[in-house]
Amino acid sequence: MVTCDEVDAMEDGPEGDPVFLAFGRSENYEDSVQVVSSTAHTQYFSKPKDGEQKQDKTTGSRIHDWWLKSDQRKWFARCPDCKQSQS
């Protein structure tokens, strides 16, 4: 299992995208599990200020880009009291 947390706060290093590098470590295992998690940082969705360069991410948020690549599954937990599914 490879877990990358707070990916929106990560910056590309000299070797490239840290998430791709981490996931590359599991590519020889067909049953590997790869997890990406983060708090979406809203500053990535705003226009760059004068003098700032726009980030190379597709949407401006690394976690949102990974969510768009996923099956966009939603996880639910059943409330023990009312038995309703909650996200």
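Keep in mind it's a predicted model, so treat the numbers as computed, not measured. Atom set for the values below is all heavy atoms of this structure, side chains included, hydrogens, waters and symmetry mates excluded.
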Tracing side-chain contacts under 4.5 Å among Ile, Leu, Val, Met, Phe, Trp and Tyr outward from Trp75 reaches none
Which residues share a side chain to side chain contact (heavy atoms under 4.5 Å, CB included) with Phe23, sequence neighbours left out: Val2, Cys4, Val19, Gln34, Val36, Trp66
For Ser32, enumerate each residue passing the side-chain hydrogen bond (donor to acceptor under 3.5 Å, both in side chains) test, keeping only those at least two apart in sequence or located in another chain. none
Could you pull out the closest heavy-atom pair between Pro18 and Asp12, with the gap in Å? CD-OD1, 3.6 Å
Can you list, by chain and residue number, the hydrophobic cluster partners of Leu21 when the side-chain cut-off is 4.5 Å? none
Would you please name every residue forming a side-chain hydrogen bond (donor to acceptor under 3.5 Å, both in side chains) with Asp71, sequence neighbours left out? Arg73
Checking Ser85 now: which residues fulfil side chain to side chain contact (heavy atoms under 4.5 Å, CB included) with it, not counting sequence neighbours? Phe76, Arg78
Can you pull out every salt bridge (charged side-chain N to carboxylate O under 4.0 Å, His left out) where at least one residue sits in residues 17-28? Sequence neighbours excluded, please. Asp17-Arg62
Above 12 or not: heavy atoms from other molecules or residues under 6.0 Å from CD of Gln86? yes
Mark yes or no for whether Asp8, through its side chain, and Ser38, through its backbone, hold a donor-acceptor pair below 3.5 Å. no
Applying side chain to side chain contact (heavy atoms under 4.5 Å, CB included), can you list everything that pairs with Gln72, at least two apart in sequence or on another chain? Trp67, Leu68, Ser70
